[in-house]
There are 2 protein chains.
Amino acid sequence: MDQQTVDEGIGSLATEDRGPIVRQTLHDAIVSRVRDMIIEGTLASGTRVHEGNLGRELGVSRTPLREALKFLASEGLIELSPGRGAVVREFTAKDIHDSLIVLAQLEALGARLACVNATDVQVREICDLHERMLDMYRTGERRAYFKLNQAIHSAILRSSGNDALVDVHGWLLPRLRRVRYLGHEGPENWAAAVAEHEVIIAAFKKRDAATLSRALSEHIEAGWHRMKGII
Amino acid sequence: MDQQTVDEGIGSLATEDRGPIVRQTLHDAIVSRVRDMIIEGTLASGTRVHEGNLGRELGVSRTPLREALKFLASEGLIELSPGRGAVVREFTAKDIHDSLIVLAQLEALGARLACVNATDVQVREICDLHERMLDMYRTGERRAYFKLNQAIHSAILRSSGNDALVDVHGWLLPRLRRVRYLGHEGPENWAAAVAEHEVIIAAFKKRDAATLSRALSEHIEAGWHRMKGII
DNA sequence: CAACTGCCTTCTGTATGCAGCATACTTGAT
DNA sequence: ATCAAGTATGCTGCATACAGAAGGCAGTTG
């Protein structure tokens, strides 16, 4: 492999989406890169992942790529068949719905815990995220909105103080990111999602566990109804 | 590496705990083997995992071992530090408790779904497992009891018909297996756990979602109280 | 005597090579 | 013409080799 390709590959990976100076191992870079490729559809569902080709494309050799694929396999984004390599997992509508049911349950639990355990600082930070998200909604920046949306949900979970819950949530989320991204297609859908977020934040501010928990569950279920036609 | 060691290693892995003729990749063998070593305490918490030594011990080269470690890292059983290798993750009492809270929530959800979706055959199979587990209790075979106990919980989850729930549960479980195993130390604790299982099975037979869901949560919480002194 | 620096050892991170297996294609037979 | 069998190609699975980094130890200096 020529050095040019290597540098290009590593360079593009290193500057992808992390901070600037943080030590970024090739492994992490490949994992997040391939994960993004799956989420964004560059690697479509059902695609056979060819170690040689993808490695050449990313500018890395097969070994670290294989390690990354094993990692992604344990997240369920990729399926490995012995002797036949890796394919991007296809998520059926039922898979998505099942995952959302679990997600709703997890976020509802997180909400209840967060109302008790979150610090005032955390509440305020989440409200700030919410305000910034509203800005993105007003200016129509879907991608930034999407990232802030995710950040809010994750931040509420984190403020629950239950690390295992955060881990499980983080594990389940990747397989839903693509579909949640699609969930805000269309202006009226987007408006509905924003309205639900208003309820959520209001309940969180008041530390009203019952309302927050219910609002989050309903928000996720509503998201399902918004997106299920698309899938 | 001499061939002797390789054969010995692969042989011991291949015959470890899977069925006889099922095609078993080295990767899966290593993953389950190392996982067992962690659960059984052969690899104690906080132990530095030395790729060379462990690979030599298992009779495999570093490459598949590294892939397995990456896999286990994404399960959270092992922590990887760039440039400094892998250490067996130490679970604090809080980690365990947090995980159990999540587990209880997941099993409660599974219970509710199972009461609706389980087939009569599945219900009967689970009752059979329960009967066999009681036999193991009476004859004092802790290891077999433990395996059947796990099998019952997993089977109820599976009968919910929610694959994502099964996946998440299966992902969370490994980090709790060691501690759940410890949870039945002492005869009166064991008796209490068995009594709780009686309630669970009775509710499941009647497809009483509310009772089953509550019984499972309480069973897990009771398990925590039984074990928390030990940790 | 303590602290710092430079070297050395050892381990991780990555690449490459080799062997076995799966699949596809080709050829021959019915 | 179709099906089956054999062969060939290319991919995966694993091992090993090499390079770079981290940590330890010793020697030297303040």
Side-chain angles (χ1 to χ4, degrees), chain A residues 1-14 18 21-34 43 46-74 78-88, chain B residues 1-14 18 21-34 43 46-74 78-88:
Chain A
M1 182 189 306
D2 59 342
Q3 193 59 34
Q4 170 59 23
T5 310
V6 172
D7 282 345
E8 189 186 326
I10 292 176
S12 65
L13 286 174
R18 292 272 195 126
I21 324 267
V22 179
R23 172 163 169 76
Q24 168 86 315
T25 62
L26 197 50
H27 168 78
D28 292 342
I30 297 173
V31 167
S32 62
R33 178 65 176 273
V34 174
L43 285 174
T47 303
R48 171 79 174 279
V49 179
H50 191 290
E51 294 177 356
N53 293 345
L54 184 57
R56 219 169 298 125
E57 191 177 332
L58 296 176
V60 298
S61 76
R62 285 178 52 218
T63 305
L65 177 59
R66 281 175 58 83
E67 290 174 359
L69 290 179
K70 289 277 164 46
F71 196 93
L72 291 168
S74 98
I78 276 179
E79 284 180 335
L80 299 171
S81 314
R84 314 229 301 256
V87 296
V88 179
Chain B
M1 183 189 304
D2 60 340
Q3 193 59 35
Q4 171 59 22
T5 309
V6 172
D7 283 344
E8 189 186 326
I10 291 177
S12 65
L13 285 174
R18 291 273 195 126
I21 324 265
V22 180
R23 173 162 168 75
Q24 168 86 317
T25 63
L26 198 50
H27 168 78
D28 292 342
I30 297 173
V31 167
S32 61
R33 178 65 176 275
V34 174
L43 285 175
T47 304
R48 171 79 176 280
V49 179
H50 192 291
E51 294 177 357
N53 293 347
L54 184 57
R56 219 169 299 125
E57 190 178 332
L58 295 176
V60 297
S61 77
R62 282 180 55 216
T63 306
L65 177 59
R66 281 176 57 84
E67 290 173 358
L69 291 179
K70 288 274 162 51
F71 196 93
L72 291 167
S74 102
I78 276 179
E79 284 179 334
L80 298 171
S81 314
R84 312 225 307 250
V87 297
V88 179

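Below, read A as the first sequence line, B as the second, and so on, with proteins coming before strands; counting in each chain starts at 1.
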*Over all heavy atoms of both residues, which pair between B:Leu65 and B:Gly55 is shortest? Give the atoms and the distance, please.*
CD2-N, 3.4 Å
*Between C:dT12 atom P and B:Arg84 atom CZ, what is the distance in whole Å?*
12 Å
*Work out which heavy atom in B:Lys70 is nearest to a heavy atom in A:Phe71; give both atom names and the distance.*
O-CD1, 3.3 Å
*Find the distance A:Ile78:CD1 to D:dT12:C1' and express it as a whole number of Å.*
15 Å
*Roughly, in whole Å, what's the span from CD1 in A:Ile30 to C1' in C:dG13?*
11 Å
*Distance, rounded to the nearest Å, where B:Glu51 contributes CD and D:dT16 contributes P*: 15 Å
*Within the structure, does a side-chain N or O atom of A:His50 lie under 4.0 Å from either OP1 or OP2 of D:dC11?*
yes
*Which heavy atom in A:Leu80 sits nearest to a heavy atom in A:Ala86, and how many Å separate them?*
CD2-CB, 3.4 Å
*So which one's nearest nucleotide on DNA chain C is more toward 5', B:Gly52 or A:Thr63?*
B:Gly52
*Length of the line joining A:Glu67:CD and C:dA15:P, which is rounded to integer Å*: 10 Å
_Distance in angstrom units between B:Arg48 CZ and D:dA22 P, rounded_ = 12 Å
*Taking only the side-chain heavy atoms of A:Pro64 (C-beta and beyond), determine which of C:dT14, D:dC14, D:dG13 contains the nearest atom.*
C:dT14
*For A:Glu51, which of A:Arg56, A:Arg84, A:Arg66 qualifies under salt bridge (Lys or Arg N to Asp or Glu O under 4.0 Å)?*
A:Arg66
*Which part of the nucleic acid, if any, lies within contact of A:Arg62, taking any heavy atom under 4.0 Å across all strands shown: a base, the sugar-phosphate backbone alone, or nothing?*
base
*Using atom NE2 of B:His27 as one end and atom C1' of D:dT12 as the other, report the distance to the nearest whole Å.*
14 Å
*For B:Lys70 and C:dG13, give me the distance from atom NZ to atom P, rounded to whole Å.*
6 Å
*Within the pair A:Arg66 and D:dT12, is there a side-chain N or O less than 4.0 Å away from OP1 or OP2?*
no
